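Owing to the predicted nature of the structure, the values given are computational and were not obtained by experimental measurement.
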Amino acid sequence: MNTAIQLKQEKTLRDLYMYSDRYRGPEAYILAYDNAWQIGKAIAEYGDDLYMRAKAAGMKAVEILLKGYESKEIGLTVKQLETLQDINKKISALPDDEDKFFDWAVKEYKDTVPNFNMKNYGL
């Protein structure tokens, strides 16, 4: 990297690293500049709504990974694909309203998370 900086080729080296790694797995694929930018764009569309920003980021990440798999740009194991499909189903089922999500989450997890106490979260 130091040599690349000295030769003013740091961006070229950065891009070579990204292109050489982007197809190695879902983590690298999702962090590739173009894909990370798409996720950032999905987040920005929801302004200050933290819940919808998070939901949009998750939905866009799943969409990108499924497209990458379908176009054979990335390979996924059977388990990775099943997990991704399950995540897609669960994120898609989440409500768009934060209050409805909150009510759902409390009902869903109050009996399954040991020592769950809403007061611990200022709620």
Side-chain angles (χ1 to χ4, degrees):
M1 185 59 149
N2 289 336
T3 302
I5 292 169
Q6 290 169 353
L7 296 172
K8 300 194 184 314
Q9 297 297 314
E10 63 272 15
K11 289 185 180 179
T12 300
L13 181 60
R14 176 201 65 193
D15 292 347
L16 288 169
Y17 283 148
M18 187 274 296
Y19 283 113
S20 67
D21 287 343
R22 84 180 272 141
Y23 303 110
R24 292 184 187 262
E27 299 85 1
Y29 191 75
I30 210 69
L31 290 173
Y33 308 131
D34 53 338
N35 294 331
W37 183 84
Q38 287 183 56
I39 294 170
K41 185 177 176 192
I43 291 169
E45 288 177 11
Y46 286 95
D48 293 332
D49 187 337
L50 298 179
Y51 170 71
M52 284 305 297
R53 288 167 60 108
K55 182 179 175 186
M59 291 179 70
K60 181 54 77 172
V62 167
E63 176 189 322
I64 289 167
L65 289 169
L66 287 173
K67 275 186 184 176
Y69 175 74
E70 291 166 4
S71 67
K72 300 189 185 328
E73 284 191 350
I74 59 166
L76 297 174
T77 66
V78 171
K79 183 65 177 168
Q80 287 173 323
L81 180 59
E82 288 172 352
T83 300
L84 188 58
Q85 290 168 334
D86 185 52
I87 290 168
N88 188 35
K89 184 171 60 172
K90 288 179 178 177
I91 289 177
S92 297
L94 293 175
D96 286 343
D97 181 80
E98 184 177 5
D99 291 333
K100 288 180 182 176
F101 170 74
F102 177 81
D103 293 341
W104 170 83
V106 169
K107 288 176 191 169
E108 181 76 14
Y109 296 109
K110 72 178 180 179
D111 295 328
T112 58
V113 176
N115 301 318
F116 174 74
N117 185 342
M118 290 185 7
K119 291 178 186 174
N120 292 342
Y121 302 94
L123 305 172

**OP:** Not counting sequence neighbours, which residues clear ring-ring contact (aromatic ring centres under 6.0 Å, His included) with Y51? List them please.
**Re:**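 Partners of Y51 by the ring-ring contact (aromatic ring centres under 6.0 Å, His included) criterion, ordered by chain and then number, come out as F101.
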
Residues which pass salt bridge (Lys or Arg N to Asp or Glu O under 4.0 Å) with [X], listed by chain and number, not counting sequence neighbours:
X    : value
D21  : R24
D86  : K90
K100 : none
D34  : R22

Original post:
Would the number of heavy atoms belonging to other residues, nucleotides or ligands and lying under 6.0 Å from OH of Y19 be above 12?
Top reply: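 12 or below, so no.
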
Subject >> L7-L13 co-clustered via ILVMFWY side chain contacts under 4.5 Å >> reply: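 Result: no, two separate clusters.
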
**OP:** Tell me whether L50 is reachable from L94 by hopping between hydrophobic residues (I, L, V, M, F, W, Y) whose side-chain heavy atoms are closer than 4.5 Å.
**Re:**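 As far as the 4.5 Å side-chain criterion goes, L50 and L94 are not connected within one cluster.
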
Exercise: identify the closest heavy-atom pair between [X] and [Y]:
X    : Y    : answer
E98  : D49  : OE1-OD1, 4.4 Å
A42  : A56  : O-CB, 3.6 Å
V106 : M118 : CG2-SD, 3.7 Å

**OP:** Sort and list the pairs that fulfil side-chain hydrogen bond (donor to acceptor under 3.5 Å, both in side chains) and have at least one residue in residues 106-122, not counting sequence neighbours.
**Re:**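 The answer is none; no pair qualifies.
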
Excluding sequence neighbours, so at least two apart, what forms side chain to side chain contact (heavy atoms under 4.5 Å, CB included) with [X]?
X   : answer
S71 : E73
S92 : N88
K41 : W37, E45

Original post:
Taking the hydrophobic residues Ile, Leu, Val, Met, Phe, Trp and Tyr, and joining any pair whose side-chain heavy atoms are under 4.5 Å apart, which ones share a cluster with L76?
Top reply: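 For the cluster that includes L76, the remaining residues are Y23, Y29, I30, L31, I39, I43, M59, V62, I64, L65, L66, Y69, I74, L81, L84, I87, I91.
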
Subject >> Under 3.5 Å: donor-acceptor pair, side chain of R53, backbone of G47 >> reply: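 Yes; at least one donor-acceptor contact below 3.5 Å.
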
**OP:** Output all residues satisfying side chain to side chain donor-acceptor pair (under 3.5 Å) with R14, sequence neighbours left out; order by chain, then residue number.
**Re:**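 Counting only residues at least two positions away or on another chain, R14 forms a side chain to side chain donor-acceptor pair (under 3.5 Å) with Y33.
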
Original post:
Listed by chain and number, what are the side chain to side chain donor-acceptor pair (under 3.5 Å) partners of T83, not counting sequence neighbours?
Top reply: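 By the side chain to side chain donor-acceptor pair (under 3.5 Å) rule, T83 matches no residue at all.
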
Original post:
Is E63 salt-bridged to K60, cutoff N-O under 4.0 Å?
Top reply: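 Here E63 pairs with K60 in a salt bridge, since their nearest N and O are under 4.0 Å apart.
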
